[in-house]
Every structure is written in structure tokens, then in C-alpha cells.
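What follows is a single structure, written as C-alpha cells, with notes after it.
A, B, ... follow the sequence lines: proteins, then strands. Residue 1 opens every chain.
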Amino acid sequence: MYVVIEPSADRRGLHLVDADERGHPTGERDVSWDAALEVLRDRDATGVRWVFAHTAELYPRLIDSGVRLGRSHDLALCRSILRRSTETPDGGLSSLPADSWDAAWTSSGDDGSLTGFADLAEPGERPDAVAELQRQCEAVAASRAPSRLRRLLAAESCGAMIACEIRHDGLPWRRDVHERILREALGPRPVFGGRPVVLEELANGIRVALGAPSLNPDSHTELLRALRAASIPVDSTSKWELQRHDHPAVEPLLRYKSLSRLMTANGWAWLDEWVRDGRFRPEYVVAGVVTGRWATDGGGALQLPTQIRPAVIADDGWTFVIADAAQLEPRIVAAMASDTAMAAAGHGKDLYQGLVDAGTVDTRDHAKVAMLGALYGATTGESARLMPRLVRAYPRATGLVEAAARAGERGEQVTTWLGRSSPLPPDSWSAAVRAGAQVSATPAQERAARGAARDWGRFTRNFVAQGTAAEWALCWMAELRHRLFSLVDGDQHPHLVYFLHDELVIHAPEQSADFVADAVRDAAEAAGRGLFGDFPIDFPLDVAVTRCYADA
DNA sequence: TAATCTGGCCAC
DNA sequence: AAACGTGGCCAGATTA
């Protein structure tokens, strides 16, 4: 059932411990690295769940050896979920004193391998993985929602393997195309650093227009001073504020900002650091966001601007299958709330258009603005004005996010569909809210308390939607991975190369594109059923088969 | 001099 | 358009 997999004591191979469904050990053995490949493949074929202390410690090395595993359990990630979840109250892990499983893994060792937990573990001392597996199995079994939590832990752990696999395989990236984009926008790469010619010319234009010959346009302080000296009344140097002023400096300044951003975020330095052998290898951080979304640690994989996406081109004979979930968060909320009316509006196609067709709002744009406002907690502007219509037409879906907001304002935790809970607000928050509730509170304190409460309410409001959408996306990815593995054929099998919250990119041999497009739709359907069972909610995808990411 | 903060803008 | 959630990342400014 479970097989705990760790480096062996002599570090020359692997130590494997078999365990039953409650995490109790039933046998153990050491295998050398040479024999590991075969042993792991054989055991994996029997459907065991591999237990890693921390997937990124061992799995990349297994991938290098040609092994891909089917199912896994990441103790560090799962501890974090179980520790905080409201579904595992007293007796679970929530009351356990902090130990090394709560700490982040640290990188040490000259080969860059991860060797232990930071802070809490003695150097060289591994925490007991089997004991922790038992604790987690018990916590899940004793929880209020064992099957949902099991689904969440499995999906989270699978995500950890996928993050390693994506980094190993890499997103195809054409350096020549990227360099052409840079050259056409900025001019040739400066040999000794400094500004490229186009930026320098724009900087000069700005200096002339503002009458500030020594201005460094990269300095907010200098720029703000120069703008005001030129009688342009601005409070900031942001583009939305600059756009509103009619002055000869504005146009070159806006172009300078845009090109400067391209240069600093995804310019030549980025290319040198992040693209090797025709691949960009994202450093994903699984569950790096409180809501369960992935974050990144270097490389900016989650902010690739559309400007440079033309450089993402499939290998010869290969293509991309690019899929993104349409209006994911509204659908998630509709399903969580069993809002059949909103689910029906999203049946089969564009949910926003569905709201128009249902007569709730008059345009698709209004539908989108109103919906996003509900999810984010908008209080002003068009979004807030449209809200009452949404509330009237869909009281259940809107009621769910409203309830989450009220809970947050009271300082309570909220929980996603599968059981990931929000953190409690910090002590400083509670102190501010308490201070505002005192009879002796000053108006400023009252205002601060109200503001803090509402801020936290917007966070918890969004948490349930964003967090459950992240769970759906993890399940979607895991389902897809399972389907793609059935197609393994030497090195020629389709593989995931990019993940962006509600979007997947698969690099696939051209002849397999149709299969992959079907698989990614099947996987979305399966993810929806896995979370919401028979509730009639659709998760339609926009799917593109194209050799260039920019064409999707 | 190094660490931390701030403003701005990119993604969803 | 902004203000309405989650983030990363950069350059410059400020602080230790």
C-alpha cells in the first residue's frame, strides 16, 4: 500500500519501508542505486503509494535515472495541510507541538541535494518518516472528511512530482526568437551592460521634454520631482496616472517603462540565467501560496508576459496542446454552493455569456466585472453597482462567498472544498480589532479596526474560491498525468511542460495531439466529478493545438 | 556594505 | 479605468 522511500543510511542507495494503509510498517529493505530503477518500476506497477519526506529531495534523481512514479504522498506538504485544517480538529495534528515536519527543507550538500529540515532537526538527523506517516493516516481517519482529505493529499503530492517533472523536461524555448524580440524592441544587446540604444534615446526624449537633463527615469524619486517641476500634477509615476495627462513627456515615458520592464524582467540577463539547451526550467514552489496555488522561486514562470511568448515553440515534429479552464472560479463557487441556477448558466460554454442569456446582466463585460467583484469583494465602482443583480439571481453562490467574508471579519478560519484551511489572522490583527471595539476607542482606532476586519474578510472570501480552484487544477493535472502515462513510448511521449493556475501546456508529438486534447478534456471532466460528484457543473476548456504558445 | 523596504507592473 | 483577491521580481531608496 505505502512504501516509504528515503536515502539509505550509507547514502549509497535507497531505504524502502513497506507499510499498510494505517502506516504501520510490514517490512523493509535497502536497494542500491543500480538496482533501484528496476525495483521501483516493479513496485510502482502494483499501484503502491510512494511516501517521500520531501519529494524534491529524491524524486529528481529518480527522474534522472529514468523512473517516473505513479502515486505518492509528500509528508512535508501533507503535514502542512493537516496541521491547519479545520477538518482535523483536536486529536489530529493541530495540537501537536511544532516539530521538524513543520519546518522548511533546507538545501545543503555540494551537489545541491536536500539533506534535512531547517531549524528544528539536529544536523544529520532525519525525522522519522514512518512515525509521521502513521500520525497523518490517523489524523485523516479521525477527521470529519477523510475521503476529501485523502483526495487533497494525493493531488497535492502528485503536484510535487509534476513540479519536478516539469523542471526536468523544461518548457521549449527558442533563444533566437527571444533575442530577435529583444533586438527589435530595444536594439542590440549592450556589450558592457547599460541601456540599449532605444532606451537611451527614449530617456533623452524624456529629459528634454521635462527639462531635466540629468534625470534617471528608473528613479521614482527623481522622476516624480521632474514631473511636478514640469507642472504635471501626479501623485505617483504609475502608467495609469501618467496616461491621463497630455504632455510631450508622457508618450516616451510610457514607452520607456514598457521597454524597460521587458529588459529587466525578461531581457538578455534572464535568457542567460534561465534558458539552457532550448529549455526554460521553472522553479515551482508547490503550495507556495496560502490558498494552495503554486508559487515560483526564481525565473518568474507564473508571470511570463505575452510579449515573449512567441519564443515558446515546440520541437520539430512536436506541437503544444494548450488548455485553460474557462471561468474556473465562478464554476467552483457555483458547485460548492450547489447553485444550480449559476451552474446552468455555465452549462457547456461561456458562463459570463450565460449570465447575460439568463437576463441577470446586459453584457458579457458586466457579467465578468460583477462576478470578479463578488469573488474579490469589490465595494465601489461598477462592480459594486452590479452586485445586487447577481445576489438576487444567484443567492446561493454569492451567499457562499459572503459567508466566507463574514467569517474572516470575525477572525475565523475558512476551508476549501477538500479541506485546506486559511490561516488565523496574526495577533496584530486581533489586537487592532479589539482596540477598535473598546468603548474608549478613538475614531481612528474604530476606522482601523473596521478596515482590518474587512481586509481579512476579503482574503477569506477569495480563499475559498481560489483555494478550491487550485484543488480542482491539481486534480485535473493528476488525472491528465495518469492518462499521458498510458501513452509512454520511449522518449516520444507527451509531457506537461507548463502550469499556470488554470492553464496547462503539454508538449506532444504531432501525431498524438488529438489523443492529448481528448485526454485533457477527459481529465477536466474527471476532476469535476471527483470533487463534486453528480452535481451538474461543467468545466469546459479552451483547447488549442499549436506549435507556438503565443498563438493560443 | 548588506539587508530590507517601496513603488511599479507582470501573471492568474 | 480603478479597486477588489493571490503572488514574483526588479531597481532604487532607506535602514541597520
Side-chain angles (χ1 to χ4, degrees), chain A residues 193-195 199 215-225 234-244 253-254 256-267 269-270 273-274 282-309 324-330 332-333 365 368-387 401 404-405 408 414 416 420 422-423 451 454-470 472-473 498-504 542 549:
Chain A
R195 288 197 183 94
L199 278 183
L215 171 69
N216 172 11
D218 293 326
S219 163
H220 302 135
T221 318
E222 287 181 34
L223 184 55
L224 194 58
R225 197 164 41 223
V234 287
D235 292 320
S236 74
T237 63
S238 66
K239 70 173 179 192
W240 68 264
E241 193 170 1
L242 289 167
Q243 276 164 357
R244 297 159 52 186
L253 186 49
L254 291 177
Y256 180 91
K257 282 161 133 337
S258 164
L259 292 175
S260 172
R261 164 84 192 182
L262 170 66
M263 153 102 173
T264 56
N266 297 101
W270 183 90
E273 186 171 358
W274 292 103
E283 305 272 352
Y284 286 116
V285 183
V286 175
V289 180
V290 273
T291 57
R293 275 186 176 182
W294 291 9
T296 52
D297 181 16
L302 301 180
Q303 312 144 248
L304 294 179
T306 55
Q307 218 173 353
I308 57 161
R309 293 187 182 187
D324 74 275
Q327 308 92 38
L328 178 57
E329 288 184 14
I332 288 289
V333 170
D365 237 31
K368 186 173 178 177
V369 165
M371 203 61 237
L372 292 177
L375 292 168
Y376 295 155
T379 53
T380 60
E382 185 172 47
S383 184
R385 277 198 300 280
L386 291 163
M387 200 71 64
V401 291
V414 295
T416 62
R420 193 189 311 262
S422 65
R454 283 182 188 155
D455 285 351
W456 198 261
R458 282 194 300 276
F459 163 57
T460 53
R461 169 197 295 269
N462 189 248
F463 185 96
V464 292
Q466 188 182 115
T468 305
W472 180 91
Y498 191 57
F499 170 53
L500 184 54
H501 307 315
D502 60 0
E503 175 178 347
L504 293 176
D542 291 320
Y549 189 25

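- Both Thr221(A) and Gln303(A) lie near DNA chain C, and the one whose nearest nucleotide falls closer to the 5' end is Gln303(A).
- Side-chain proximity of Glu382(A) to dA1(C), dC10(C), dG12(C): nearest is dA1(C).
- Minimum interatomic distance between Ala374(A) and Val401(A) (heavy atoms only, all atoms of both residues): O-CG2, 3.8 Å.
- Within the 4.0 angstrom heavy-atom criterion, only backbone atoms of the sugar-phosphate kind lie near Leu304(A); the bases stay farther away.
- To the nearest angstrom, P of dA3(C) lies 14 Å from CG of Asp455(A).
- Side-chain atoms of Arg261(A) and base atoms of dC9(B) include a donor and an acceptor less than 3.5 Å apart.
- The distance between atom CZ of Phe459(A) and atom C1' of dG7(C), rounded to the nearest whole Å, is 12 Å.
- Atom NZ of Lys239(A) sits about 8.5 Å away from atom CG of Leu254(A), to the nearest 0.5 Å.
- Taking atom CH2 of residue Trp240(A) and atom P of nucleotide dA2(C), one finds them 6 Å apart after rounding to whole Å.
- The separation between Glu503(A) atom CD and dT6(C) atom C1' is 17 Å, rounded to whole Å.
- When the nucleotides dG7(C), dC9(B), dA11(B) are ranked by their closest atom to the side chain of Leu500(A), dA11(B) comes out on top.
- Here the straight-line distance linking atom CE of Met371(A) with atom CE of Met387(A) works out to 8.5 Å at 0.5 Å rounding.
- Distances from the side chain of Pro305(A) to the nucleotides dC12(B), dC10(B), dG8(B) place dC10(B) closest.
- In the set dG8(B), dC10(C), dG12(C), dG12(C) carries the atom at the smallest distance from any side-chain atom of Asp218(A).
- Nucleotide dC4(C) holds its P atom 13 Å from the CZ atom of Arg385(A), rounded to whole Å.
- For the atom pair His501(A) NE2 and Asp324(A) CG, the distance stands at 12.5 Å (nearest 0.5 Å).
- Using a 30° and 60° split on the angle between ring planes, Tyr498(A) and Tyr284(A) fall in the tilted class, from 30° to 60°.
- Residue-level contact check: Gly298(A) touches the backbone only, with heavy atoms under 4.0 Å from sugar-phosphate atoms and none from bases.
- Residues of residues 368-380 of chain A that place a heavy atom closer than 4.0 Å to DNA chain C, in numerical order, are Tyr376(A), Gly377(A), Ala378(A), Thr379(A), Thr380(A).
- Between Trp294(A) and Phe499(A), the ring-plane angle classifies as perpendicular under the 30° and 60° cut-offs.
- At the heavy-atom level, Ser260(A) lies nowhere under 4.0 Å from the strands shown.
- Set against dA11(B), dG8(B), dG12(C), the side chain of Ser219(A) has dG12(C) as its closest nucleotide.
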Audit row: Lys257(A), Glu241(A), salt bridge (Lys or Arg N to Asp or Glu O under 4.0 Å) steps and yes/no: CA-CA 13 Å; Lys257(A) 282 161 133 337; Glu241(A) 193 170 1; over 6 Å; no
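- In the set dG8(C), dC12(B), dC9(B), the nucleotide with an atom closest to the side chain of Ala295(A) is dG8(C).
- Straight-line distance from the CZ atom of Arg293(A) to the P atom of dG8(C): 12 Å, rounded to whole Å.
- Both Glu241(A) and Glu329(A) lie near DNA chain C, and the one whose nearest nucleotide falls closer to the 5' end is Glu241(A).
- Rounded to an integer number of Å, the gap from Leu254(A) CG to dC10(B) P is 11 Å.
- Ranking dT6(C), dA11(C), dG8(C) by closeness to the Val289(A) side chain, first place goes to dT6(C).
- Summarising the geometry, atom OG1 belonging to Thr221(A) is positioned 10.0 Å from atom CG belonging to Asn216(A); distances are rounded to the nearest 0.5 Å.
- Within the nucleic acid shown, Thr237(A) comes within 4.0 Å of sugar-phosphate atoms alone, with no base atom in reach, counting heavy atoms only.
- Between the side chain of Arg461(A) and the base of dC4(C) there is no donor-acceptor pair of N/O atoms closer than 3.5 Å.
- The side chain of Asn216(A) contributes an N or O atom lying less than 4.0 Å from OP1 or OP2 of dG12(C).
- Within 4.0 Å of Arg309(A), counting heavy atoms only, lie sugar-phosphate atoms of the nucleic acid but no base atom.
- When the nucleotides dG12(C), dC9(B), dA11(B) are ranked by their closest atom to the side chain of Lys239(A), dC9(B) comes out on top.
- For the residue pair Arg461(A) and Tyr376(A), the shortest heavy atom distance occurs at CD-C, 3.8 Å.
- With dG7(C), dT6(C), dC4(C) as the candidates, the nucleotide lying closest to the side chain of Gln466(A) is dT6(C).
- Rounding to whole angstrom units, CZ of residue Phe463(A) and C1' of dC4(C) are separated by 18 Å.
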